[in-house]
Structures are given as structure tokens and as C-alpha cells.
Amino acid sequence: MSKALLKLPETFGHPHAHVGLRKLRGAFYELRAGLALRILFRRDADTLTLLVLGTHDEIKRFLAQL
């Protein structure tokens, strides 16, 4: 997980960097942090805020509650 987070600042905004970063809806993004884990965060201007660390299904449930 830490490797994924460390690469995030240098690769954000470069969609072909292939680090497992995916834009979801609105200002929400998902980053793969291994085979089973995902990191959900929100982008607000120059700030990335970590929201949830969980499985694909946990991320999906979290977003459904918004």
C-alpha cells in the first residue's frame, strides 16, 4: 500500500502512468493498493484527501451512501 501512495503525487494527472489510478465520479478517485485493497480519495484543488481503505465492494458501498 505504501508504494502506491508514494507514487501518487508524481503520477496524478498522467493517465498513462499505469499505477492503478482510476477516476470514479465527480472528484473521487480510486487507487489500487494490491490485489484486494483499494484507496478512495477525493481531489479538492491541490489537495488529495484519503477517505477509505478497503476492498472493491467496500468502496462501492461507501460511494453508494453519499
Side-chain angles (χ1 to χ4, degrees):
M1 176 180 75
S2 60
K3 286 182 185 180
L5 286 175
L6 289 173
K7 289 181 182 180
L8 183 60
E10 68 190 49
T11 58
F12 194 86
H14 302 342
H16 301 291
H18 302 291
V19 294
L21 179 65
R22 184 169 71 122
K23 183 168 178 23
L24 300 176
R25 61 181 163 127
F28 295 99
Y29 291 81
E30 178 184 80
L31 179 67
R32 282 193 321 263
L35 292 176
L37 284 179
R38 304 287 188 266
I39 302 168
L40 178 71
F41 60 94
R42 180 184 174 105
R43 180 181 184 196
D44 295 302
D46 293 354
T47 305
L48 299 176
T49 304
L50 179 100
L51 299 172
V52 177
L53 171 66
T55 66
H56 174 77
D57 291 339
E58 290 168 335
I59 299 294
K60 196 172 176 179
R61 280 193 297 272
F62 179 85
L63 288 171
Q65 294 176 359
L66 298 179

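The first residue of the sequence shown is numbered 1, and numbering continues consecutively from there.
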Practice problem: Could you list who else is in Leu40's hydrophobic cluster, with ILVMFWY side chains joined at under 4.5 Å, directly or through other members? | Solution: Leu24, Phe28, Leu51, Val52, Ile59, Phe62, Leu63, Leu66
Quiz item: Does atom NZ of Lys23 have more than 12 heavy-atom neighbours from other groups under 6.0 Å away?
Solution: yes
Quiz item: Hey, what do you get for CG (Leu37) to OG1 (Thr55), rounding to the nearest 0.5 Å?
Solution: 8.0 Å
Quiz item: Looking at Leu48, Leu50, Ile39, which hits side-chain contact (heavy atoms from CB on, under 4.5 Å) with Leu31?
Solution: Ile39
Quiz item: Can you list the steps and then say if Arg38 with Glu58 is a side chain to side chain contact (heavy atoms under 4.5 Å, CB included)?
Solution: CA-CA 9 Å; Arg38 304 287 188 266; Glu58 290 168 335; over 6 Å; no
Quiz item: Do the non-hydrogen side-chain atoms of Arg42 and Tyr29 ever get within less than 4.5 Å of each other?
Solution: no
Practice problem: Under the side chain to side chain contact (heavy atoms under 4.5 Å, CB included) rule, what do Phe41 and Leu53 come out as? Steps first, then yes or no, please. | Solution: CA-CA 9 Å; Phe41 60 94; Leu53 171 66; over 6 Å; no
